[in-house]
Amino acid sequence: MAQSSTEAESAYDRLLTKYKRIANVKNAGGILSWDQQVMMPDEGTPARSQQMSALSALSHELLTDDEFGELLEAAEADDPTEEQAAVLRELRRDYERAARVPNDLVEKISAASSEAIPAWKQAKAEDDFEEFAPHLEKHVELKRKYAEHIDPDRDPYEVLFEDYEPCLPLDQAEDILADVREVLVSMIADIRESDTELAVDSFEGEFDEDEQEELVRDALSTLGYPWDRGRLDTAPHPFSSGTQFDARVTTRYDESDPLGSLFSTIHEFGHALYTLGLPDEHYATPLGEDRNLSVHESQSRLWENHVGRSRAFWQHFLPTFTEHFPEVDASVEEAYEAANQVYDDNLIRVEADELTYHLHIVIRFELERELVSGDLDVEDVPEAWNDKYEEYLGIRPETDSEGCLQDIHWAYGNFGYFPTYSLGSIMAAQLFAAAEEDIDDLDEKIARGEFGDLREWLRENVHQHGRQYETNDLVKRATGEDFAADDFLDYVESKYSELYDL
């Protein structure tokens, strides 16, 4: 008697079919989340909260189903290929973490996020931390429970960090960040004492929002954004989301700061390019999904800093800028200096320069560790935030909107996310240094507006692998070196010593 098609399928194939359903449920949730931040009517929250909660619960139920676990075990015992073994490693990690978390807790976390996002938007607009505080308190409580279910014997923050960077041990991440912090604190102090004056007023004035949108659309087209697989919108906090078939970017505009919208758009382009570079044929499987947020952030910071803030980029793009804003009378060198000034008084992370940015991250990292551990009460967050800004950056926020309410991440309950921003910047420098070694005359190509070789290098060495390799292995394969801060420190020391005559 002939076997049925189901019986003829291997356990691996049946497992992958199940996982694809989970991935598609999550991707549908991603579209709902995008819509909530970009297009949803203000009063849509009650329904959206239930919708997001239902999808989160469904994907959790599918992943923790007994049959999924049985198929996973059978596939692992069935002599998998190297590629299959990588997929099974990722599914095993996902399954074991999810199986330890009750479904009702997953629903509560999702619902809490949907309710917290509009509360955060309103609190930020009205400079009213008390409006957001109950939602933050709820998130902290839920995430403590979440971490305890996964591993009650470990530091809960370490468990939460693994949701965003599952492959790097937290102590390795902390060592890398400590190396960077030590150098940057000294370098920033030297820059503040420097007598060198950069051309920081090159882009002062009023810049129409509609014209800024046309400018950043031109930037996206110049860099190679495929409009048939994406779109540009505005959001209170710029982000990118989607799949290799539909990777959308958002930005925001300030009529006094055209570089802000330009660099945030280039940053989100880097995220989208990574997503779009994932292999089409592996959609909705681990091989067609991004490695993690550290790697994702390396792609956005590479394009924002190593390309967008380079002399070569401004040599090519300045004429496009002045086509949109002819009142700007700046040389390439002046544009380069304005794009790379180190601010004495910037309070906003997403508007920070390349160096002080990492102290913004350190502040958030330290505060959320204290929140999760219980060493900091939610009601004390504004004062603790302001104290750390005064200590690390010598400035103190006058409002909560420019202080502890500026980021959306805690509205999502994303504790453990912030370190990946600095880790990504450090990784970006290492990847770009390797790309410069492999691509002949990369700087000259950027100056001519030729970005194809860099896009292809990143696709070949990073994007196409999906989750096949863990973080350290991926970096080693791409660069030939272990993941470390050396290239980043060499890069910033060379660049800023020249700019500020240190």
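The chain is numbered in sequence order, starting from 1.
- Under a 3.5 Å cut-off, the side chain of Q406 and the backbone N or O of R349 do form a donor-acceptor pair.
- In summary, R459 and E456 engage in a salt bridge, as defined by a charged side-chain N under 4.0 Å from a carboxylate O.
- K138 NZ: 12 or fewer foreign heavy atoms inside a 6.0 Å radius.
- N305 and Y357 share no side-chain donor-acceptor pair at under 3.5 Å.
- A salt bridge does not link K26 to E289: none of the charged nitrogens lies less than 4.0 Å from a carboxylate oxygen.
- Residue D79 places its CG atom among 12 or fewer non-hydrogen atoms of other residues, nucleotides or ligands, all under 6.0 Å distant.
- The two residues A247 and A272 come nearest to each other via the heavy atoms CB-O, 3.9 Å.
- In plain terms, the two heavy atoms of D453 and I439 that are nearest each other are O-CD1, 3.7 Å.
- With sequence neighbours excluded, the residues forming a salt bridge (Lys or Arg N to Asp or Glu O under 4.0 Å) with R477 are D473, listed by chain and number.
- With 3.5 Å as the limit, one finds no donor-acceptor pair spanning the side chains of H237 and Q37.
- Judged by distance alone, the side chain of S114 and the main-chain N or O of A111 form no donor-acceptor pair under 3.5 Å.
- In the model, E165 has a side-chain atom that pairs as donor or acceptor with a side-chain atom of S294 under 3.5 Å.
- Within a 6.0 Å sphere centred on CD of E182, other residues, nucleotides and ligands contribute 12 heavy atoms or fewer.
- In this structure, T479 contributes its side chain and L431 its backbone to no donor-acceptor pair below 3.5 Å.
- Under the side chain to side chain contact (heavy atoms under 4.5 Å, CB included) criterion, D78 pairs with no residue, sequence neighbours left out.
- The pair E174-R369 meets the salt-bridge criterion, since a charged nitrogen lies less than 4.0 angstrom from a carboxylate oxygen.
- In terms of modelled atom types and a separation under 3.5 Å, the side chain of Q430 and the main chain of D482 share a donor-acceptor contact.
- Scanning all heavy atoms of the two residues, the minimum distance from L278 to G288 falls at CD1-O, 3.3 Å.
- No side-chain donor from either of E402 and Y389 sits under 3.5 Å from a side-chain acceptor of the other.
- Salt-bridge annotation for R144 and E148: absent, with no side-chain N of the basic residue lying under 4.0 Å from a carboxylate O of the acidic one.
- Across every non-hydrogen atom of C167 and P169, the tightest pair is O-CD, 3.6 Å.
- Note on ring orientation: taking the six-membered ring where Trp is involved, the planes of F269 and W303 are perpendicular (angle over 60°, cut-offs 30° and 60°).
- Counted within 6.0 Å of CD on E96, heavy atoms from surrounding residues, nucleotides or ligands total more than 12; the atom is thus considered enclosed.
- Enclosure of atom CG in D42 is not indicated, since only 12 or fewer non-hydrogen atoms of other residues, nucleotides or ligands lie within 6.0 angstrom.
- Counting only N and O atoms by type, the side chains of T471 and N292 include a donor and acceptor under 3.5 Å apart.
- No side-chain donor from either of D290 and Q299 sits under 3.5 Å from a side-chain acceptor of the other.
- The aromatic rings of F132 and H135 sit parallel, their planes meeting at an angle under 30°, below the 60° perpendicular limit.
- With salt bridges taken as basic N to acidic carboxylate O contacts below 4.0 Å, none links E162 and R93.
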Practice task
Tell me, with the steps shown, if R309 and E354 meet salt bridge (charged side-chain N to carboxylate O under 4.0 Å, His left out).
Solution key: CA-CA 9 Å; R309 296 184 192 272; E354 195 173 10; 5.3 Å; no
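- At least one cation-pi condition fails for R364 and Y421: the charged atom is not both under 6.0 angstrom from the six-membered ring centre and inside a 45 degree cone around its axis.
- Residue K18 comes nearest to F68 through the heavy atom pair CB-CD1, 4.1 Å, listed as atom of the first residue, atom of the second, then distance.
- Between the side chain of H60 and the backbone N or O of V101, at least one donor-acceptor pair lies under 3.5 Å.
- A salt bridge links E304 with R301: at least one charged nitrogen is closer than 4.0 Å to a carboxylate oxygen.
- Comment: E90 engages R291 in a salt bridge, judged by a side-chain N to carboxylate O separation of less than 4.0 angstrom.
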Exercise for the section: Please lay out, stage by stage, how H409 and W120 fare under the test side chain to side chain contact (heavy atoms under 4.5 Å, CB included). Expected result: CA-CA 10 Å; H409 302 68; W120 167 79; over 6 Å; no
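- Formation of a donor-acceptor pair under 3.5 Å by the R48 side chain with backbone atoms of L32 is found in this model.
- Residues A28 and L55 come closest through the heavy atom pair C-CD1, 4.2 Å.
- The ring pair (Phe, Tyr, Trp, His ring centres under 6.0 Å) with Y417 is formed by just one residue from the set F365, Y164, Y412; it is Y164.
- More than 12 heavy atoms of other residues, nucleotides or ligands shown are found within 6.0 angstrom of CD on Q464.
- Shown here is E281, whose CD atom has more than 12 heavy atoms of other residues, nucleotides or ligands within 6.0 Å.
- Salt-bridge formation is not detected for the pair R21/D65: no Lys NZ or Arg NE/NH1/NH2 atom is positioned less than 4.0 Å from an Asp or Glu carboxylate oxygen.
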